[in-house]
Asks: 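Would you mind keeping the following structure in view while I ask a few things?
Because the structure is a prediction, the values reported are computed rather than measured.
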Amino acid sequence: MPSNEEKLEIISQITESKTFQKATTSSALLKYLGKCCINNTFLKEDIIDLEFFGNKGPVEKSSTRVRVSMYNLRKKLVDYYSNEGADQQWRVNIEKGQYKLSFEKQQRTSNSKRNIFSLRALPYVLLIGIIAILLFFLLIPKRVPQLWSEFLEEDKSVTLFIGDAFGIRGKTITGNDGFTRDYSVNSLEQFYKLLEKKPELKNNLSASHYQYFTNMGAVASKNIAQLFSTYQKDFAIKYNSNASFETIRAGNSIYIGPLFNNNKFIGLFNSANPYLTLYKNKLQIKDHPSLGSSQINIATSGQVVDYAIVSKYPGPMGTTQFVFFSNHDMGASATIRYFTNSDSIKVFTQKYLQDKSYFTAIYKATGKERTSLDLELIKVIPF
């Protein structure tokens, strides 16, 4: 409840408003009733008629002006609180048939209050809007890149074959027992041929029970996993040494690894490419309509320069194969990064695959410490 001083201030604010500006009788009557309220004066019609209007006649002959003036005052108060006084904390009421003022707290519903609420709610509204937009775009299926459409859209299974290498168990160059990688020995058959030529090694060497793969296998697994997870597509991983034509023809295949490990994908590459043949670290181009016939030597030490051959071609039994050949880490790792990046995929597709589904590309990777620092495109042959 407001204090007496606050009550007088509330009444003064009302009588000075535009609503009461020309209502002199209502303003004066409200001030009179306010003083009576503060002084706790008992009020009734004849007292108001006598004290406020100055009626000198007999009480029983009082006029109706008190009731009419009270009606007008109540109406003015309603108008005031509907407009100017809508945001006031206290509301002055005069109950019908009563003459005593009452002060009640009212809920503020002014435009300023609503504006304050709107300003406070604005960040939440914006946040809800942003979330709605994000959900909209997240729920829209992402468009699969054309280059990988057979692997990401078809129901066929996908297997990533990592090129591992054959190893020999026995005495190393230091004289200790360990694992040795000989680039000329890539299978058990080749290992036994070596022992036939050098029987003195039979007591010192044996075929290793495990294979090994280089960093390119880890890079391939990571980048393929990132690409496939974007489109919620699963794939299996197998070592090239465990690959058979039965497993290869069962679904779409991705191969990443060296050329010199006697992998089965070299033969499939040669069969599917109409103008190209891979043979002993040489890529032969034969009878191409515009390129004619030529040969590219892709053998390097791999320390500074490494060549990579990337090819997408039709596989057996209606499958598709995507291969990344490179004798060392640099070429294959650099090209697998390139062909799993959305921006570079888009550029390559628009430039070379407008009316073709398959291609073979030759790249030259240059770097240091087996890490590619630059990737140069030498040739693209779509078909």
Side-chain angles (χ1 to χ4, degrees), residues 1-140:
M1 182 65 64
S3 65
N4 290 337
E5 290 78 9
E6 290 173 331
K7 289 178 181 178
L8 291 175
E9 179 63 28
I10 293 168
I11 291 171
S12 176
Q13 193 172 12
I14 294 172
T15 56
E16 291 174 3
S17 67
K18 291 182 180 180
T19 306
F20 279 78
Q21 190 173 17
K22 295 181 180 181
T24 55
T25 300
S26 293
S27 294
L29 181 57
L30 181 59
K31 290 179 180 179
Y32 166 76
L33 295 176
K35 291 179 181 179
C36 292
C37 178
I38 291 171
N39 296 325
N40 202 23
T41 302
F42 175 73
L43 291 175
K44 61 180 185 175
E45 185 178 317
D46 56 345
I47 293 176
I48 295 172
D49 192 38
L50 176 64
E51 292 185 355
F52 180 74
F53 290 102
N55 182 26
K56 305 298 182 181
V59 174
E60 64 271 15
K61 292 183 180 179
S62 62
S63 66
T64 59
R65 58 187 172 185
V66 174
R67 292 189 294 276
V68 173
S69 297
M70 291 298 298
Y71 170 82
N72 291 334
L73 176 57
R74 291 188 185 97
K75 187 174 181 300
K76 283 291 180 184
L77 287 171
V78 171
D79 293 341
Y80 172 74
Y81 285 111
S82 298
N83 297 286
E84 296 173 78
D87 63 343
Q88 296 301 313
Q89 181 180 7
W90 294 98
R91 183 184 184 98
V92 176
N93 287 322
I94 306 173
E95 297 293 334
K96 189 175 180 179
Q98 302 292 324
Y99 305 102
K100 186 176 180 179
L101 302 183
S102 63
F103 296 82
E104 300 175 359
K105 272 191 174 182
Q106 68 169 351
Q107 293 183 344
R108 299 183 183 185
T109 58
S110 68
N111 289 335
S112 61
K113 183 70 175 180
R114 288 194 295 271
N115 289 339
I116 291 172
F117 173 78
S118 298
L119 288 173
R120 289 177 178 174
L122 182 60
Y124 300 99
V125 173
L126 291 175
L127 180 60
I128 292 171
I130 292 171
I131 292 173
I133 292 171
L134 289 174
L135 287 174
F136 175 78
F137 283 105
L138 287 173
L139 291 175
I140 294 177

Asks: Rounded to the nearest 0.5 Å, how far apart are CD of E16 and CD of Q21?
Replies: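 With rounding to 0.5 Å, CD (E16) is 10.5 Å from CD (Q21).
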Asks: Yes or no on side chain to side chain contact (heavy atoms under 4.5 Å, CB included) for I38 and L8, after CA distance, side-chain angles and deciding distance?
Replies: CA-CA 9 Å; I38 291 171; L8 291 175; 3.2 Å; yes
Asks: Residues in side chain to side chain contact (heavy atoms under 4.5 Å, CB included) with Q13, at least two apart?
Replies: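 In terms of side chain to side chain contact (heavy atoms under 4.5 Å, CB included), with neighbours along the sequence ignored, Q13 is linked to Y80, Q88.
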Asks: Looking at every heavy atom in both W90 and Y81, which two are closest together, and how far apart are they?
Replies: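 Minimum heavy-atom contact is O-OH, 3.4 Å.
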Asks: Of the non-hydrogen atoms in V92 and L101, which two are nearest, and what is the gap between them?
Replies: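 Closest pair (atom of V92, atom of L101, distance): CG1-CD2, 4.0 Å.
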Asks: Roughly how far, to the nearest 0.5 Å, is CD1 of I47 from OH of Y99?
Replies: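 Y99 atom OH to I47 atom CD1 measures 10.5 Å (nearest 0.5 Å).
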Asks: Determine whether L73 and L33 make a side-chain contact, defined as any pair of heavy atoms from C-beta on separated by less than 4.5 Å.
Replies: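 Yes, at least one pair of side-chain atoms sits under 4.5 Å.
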Asks: Where do I14 and T19 land on the side chain to side chain contact (heavy atoms under 4.5 Å, CB included) test, with the steps shown first?
Replies: CA-CA 8 Å; I14 294 172; T19 306; over 6 Å; no
Asks: Side chains of T25 and N72: does their closest heavy-atom pair fall under 4.5 Å?
Replies: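 No, too far: nothing below the 4.5 Å cut-off.
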Asks: Are any of the side-chain heavy atoms of T64 and R67 separated by less than 4.5 Å?
Replies: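 Touching, per the 4.5 Å side-chain cut-off.
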Asks: To the nearest 0.5 Å, what is the distance between CG (L127) and CD1 (I131)?
Replies: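 One finds 4.0 Å between CG of L127 and CD1 of I131.
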Asks: Report the C-alpha separation of F53 and S69 in whole Å, then their side-chain angles, then the decisive distance to 0.1 Å, and conclude whether the side chain to side chain contact (heavy atoms under 4.5 Å, CB included) test is met.
Replies: CA-CA 10 Å; F53 290 102; S69 297; 3.3 Å; yes
Asks: Write down the atom of A86, the atom of Q106, and the distance for their closest heavy-atom approach.
Replies: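 Closest approach of A86 to Q106: O-NE2, 3.6 Å.
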Asks: Whether K18 and E84 form a salt bridge (side-chain N of Lys/Arg under 4.0 Å from carboxylate O of Asp/Glu) is what I want to check.
Replies: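 Here E84 does not pair with K18 in a salt bridge, since their nearest N and O are not under 4.0 Å apart.
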Asks: Taking atom CE of M1 and atom CD of E6, what is their separation to the nearest 0.5 Å?
Replies: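 So the gap between those two atoms works out to 11.0 Å.
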Asks: Look up atom NZ in K44 and atom CG in D49, then write down how far apart they are to the nearest 0.5 Å.
Replies: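 Output value for this atom pair is 12.0 Å.
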Asks: Would you give the length of the straight line joining atom NZ of K31 to atom CZ of F20, rounded to the nearest 0.5 angstrom?
Replies: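 Going from the NZ atom of K31 to the CZ atom of F20 covers 11.0 Å.
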Asks: Does the side chain of K105 come within less than 4.5 Å of Q89's, by heavy atoms?
Replies: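 Side chain of Q89 against side chain of K105, heavy atoms only: contact under 4.5 Å found.
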Asks: Restricting to non-hydrogen atoms, name the atom on P2 and the atom on K7 that form the minimum distance, rounded to 0.1 Å.
Replies: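 So the two residues come closest at O-CE, 3.4 Å.
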Asks: Please assess K76 against L30 for the test side chain to side chain contact (heavy atoms under 4.5 Å, CB included), listing each intermediate value before the final yes or no.
Replies: CA-CA 10 Å; K76 283 291 180 184; L30 181 59; over 6 Å; no
Asks: Is there a side-chain contact between K100 and I94 (heavy atoms, below 4.5 Å)?
Replies: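 Sidechains of I94 and K100: no contact.
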Asks: Does T15 use its side chain to pair, donor to acceptor, with the backbone of S12 at less than 3.5 Å?
Replies: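 Such a contact is found between T15 side chain and S12 backbone.
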Asks: Kindly indicate whether the side chain of C36, heavy atoms from C-beta on, has any atom under 4.5 Å from the side chain of F42.
Replies: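 In short, these two side chains do not touch, never coming nearer than 4.5 Å.
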Asks: Heavy-atom distance under 4.5 Å between the side chains of L43 and Y32, does that happen here?
Replies: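 Yes, at least one pair of side-chain atoms sits under 4.5 Å.
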Asks: Looking at F103 and C37, what are the two nearest heavy atoms and their distance?
Replies: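 The pair with the smallest heavy-atom distance is CE1-SG, 4.2 Å.
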